[in-house]
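Remember, it's 1-based here, ligands and their atoms both numbered in the order they're listed. Everything numeric in this text was worked out from a predicted model, so none of it was measured.
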Amino acid sequence: MKLKGYVHYVGVNDRNKHRFEGLWALPSGVSYNAYLIADEQVALVDTVDAAFLSEFLDKIDALGVDRVDYLVINHMEPDHSGSIAQVRQRFPDIRVVGNAKTLEMLRGFYGEAALSDNYLQVGEGDVLKLGHHELHFHLVPMLHWPETMVSYDTTERILFSGDAFGCFGALNGAVLDTQMDTTPYWPEMERYYASILGKYAAPVQTALRKLSALPIDMICSTHGPMWTAEAGRAIETYRRLSAGETEPGVVVCYGSMYGNTQRVAEAVAEGAAEAGVRTIRMHNLVEAHTSFVLADIFRYRGLAVGAPTYNGGLFPPVEHLMHDLGERHVKGRKLVCFGGFTWAGQAAKKLQAHHAKMGLDLVADPMEWKQGASADVLERGRALGHLLGKAVLAEQ
Ligand SMILES: Cc1cc2nc3c(=O)[nH]c(=O)nc-3n(C[C@H](O)[C@H](O)[C@H](O)COP(=O)(O)O)c2cc1C
Ligand SMILES: [Fe+2]
Ligand SMILES: [Fe+2]
């Protein structure tokens, strides 16, 4: 599939994997994007997951290239680097292009043979001339690994961005944003960001500042559509998410065994609605896939978390969410917590302790109740939701 200049898409779709990185649900699959620049010098930009090696090589063969001179590695996570050793076997004269950290990882993952002594180490601002195309390399560390790099083609103004601006969701026929309805991919970009890049707001902002100097006509990331008409929207999405900008909505997350915490969660949602909040997302953490919960929390300003006390601690699915939030950049959210118990309450205290570490804005004391969700407990839940709703709307 030709994109622009001599650049072709040679990526593949994975519609079988259930969980990306063993964690993040893939209801619509995922693409592993790679690109072949069939210039005077032929360059591959990234490879694909090892499971798709033969399909990948077939796509390269179908372009009629009999040699590949360079393999540019923007990111070493195995969904892209997994077939490097085999690509080298197929094209023995290929020269690997990567930065110092990439080359060290290549040796560590795939052995000396994957690197051989035929490599080109590049650093910030280095240039590789292919003929018509000219690749300039920029280091963007911690997007989301230390070696992450982008390659910018000054001739056609194409940014090969690695995982940045990528999204979940396999590609269904077309690969260019202008040739498809991109609607389903935008929430999937946010879910990808929240799951995988959510810890790295500061490196994302640093990278955006660096990239702002480049005129970009096309973004070729390693997952999801190639962005041309909507390249600006992709960059704006990253700016907004990394800046921590939120919309006025409330996310209610809870776990429950016998329904008491769930009933309080419903009351909290009712209270927020009464306060005038129109977007309220409920997540039963026993059932929900974490990445969807995280994506909502990244988007909306208000967060309510509820849990039963369980073996002297938090009910495990809620503990898990608090752990995931603790290692992400979700500052400045308005938060309320609610927790029940039967003989010795811990849930509300533990939620408060997590909040103290996370730097969220607790708008009310944690709500705690003993045993059943009685009418007055539900009334307290409604009042808590109302307070949260008011705090969320006050900040517009
Ligand atoms: C396996 C298990 C462990 C529990 N551990 C505690 C505990 O350590 N302290 C306590 O006060 N209550 C404990 N409870 C009681 C629950 O916190 C209480 O029943 C709560 O109302 C359950 O909320 P739910 O109806 O939303 O599931 C435990 C309950 C279960 C089933
Ligand atoms: Fe990655
Ligand atoms: Fe990736």
Side-chain angles (χ1 to χ4, degrees), residues 11-14 17 19-24 26 29-34 45-50 52 73-83 101-102 105 109 140-150 160-170 188-189 191-193 195-200 203-204 220-224 252-268 284-286 305-319 338-351 367-374 377-378 381:
V12 298
N13 287 310
D14 189 339
K17 188 175 274 178
R19 301 237 182 171
F20 193 75
E21 297 180 347
L23 291 170
W24 319 114
L26 290 175
V30 66
S31 70
Y32 309 119
N33 298 346
V45 181
D46 292 310
T47 69
V48 300
D49 188 287
F52 296 87
I73 306 173
N74 285 323
H75 181 24
M76 273 299 295
E77 191 169 357
D79 54 335
H80 311 296
S81 71
S83 38
K101 289 198 170 82
T102 309
M105 285 187 191
F109 273 109
V140 288
M142 296 322 300
L143 244 74
H144 57 120
W145 278 24
E147 87 299 1
T148 41
M149 175 173 98
V150 299
F160 298 96
S161 63
D163 282 343
F165 314 114
C167 54
F168 297 127
E188 289 293 79
M189 183 183 286
R191 191 166 69 90
Y192 187 96
Y193 182 96
S195 305
I196 293 168
L197 286 137
K199 182 181 166 81
Y200 302 108
V204 168
C220 293
S221 87
T222 45
H223 304 284
V252 182
C253 302
Y254 66 93
S256 186
M257 295 170 281
Y258 297 106
N260 292 290
T261 313
Q262 177 159 288
R263 290 180 66 190
V264 178
E266 301 281 7
V268 169
N284 175 356
L285 298 177
V286 174
V305 187
T309 303
Y310 190 91
N311 292 345
L314 279 177
F315 186 50
V318 183
E319 177 71 47
F338 49 102
F341 68 101
T342 292
W343 62 92
Q346 283 295 332
K349 292 183 194 70
K350 298 268 181 194
L351 288 170
M367 173 183 155
E368 190 175 48
W369 73 97
K370 186 170 179 176
Q371 297 161 1
S374 60
V377 167
L378 295 179

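Here the closest non-hydrogen pair linking Tyr254 and Val318 is C-CG2, 4.2 Å. When all heavy atoms of Lys350 and Gly313 are compared, the closest pair comes out as CE-CA, 4.1 Å. Shortest non-hydrogen contact noted between Asn13 and Ser31 is OD1-CB, 3.4 Å.
In this structure, the protein non-hydrogen atom closest to atom 23 (O) of ligand 1 is Pro308 CB, 3.4 Å. Looking only at heavy atoms of the protein, atom 1 (C) of ligand 1 is closest to Tyr310 CE1, 3.4 Å. The nearest heavy-atom contact from the protein to atom 7 (C) of ligand 1 is Trp343 CZ2, 3.3 Å.
Coordination check, His144 versus the Fe ion (ligand 2): passed, since an N/O/S atom of the residue sits under 2.8 Å. The Fe ion (ligand 2) lies at 2.8 Å or more from every N, O or S atom belonging to Asp79. Taking backbone and side-chain atoms together, His75 has no N/O/S atom less than 2.8 Å away from the Fe ion (ligand 3).
Aromatic ring pairs are classed by plane angle as parallel below 30°, tilted from 30° to 60° and perpendicular above 60°; the pair Phe20 and Phe168 is perpendicular. The aromatic rings of His75 and His80 sit tilted, their planes meeting at an angle between 30° and 60°.
Near Gly312, with a cut-off below 4.0 Å to any heavy atom, the atoms of ligand 1 are 7 (C), 8 (O).
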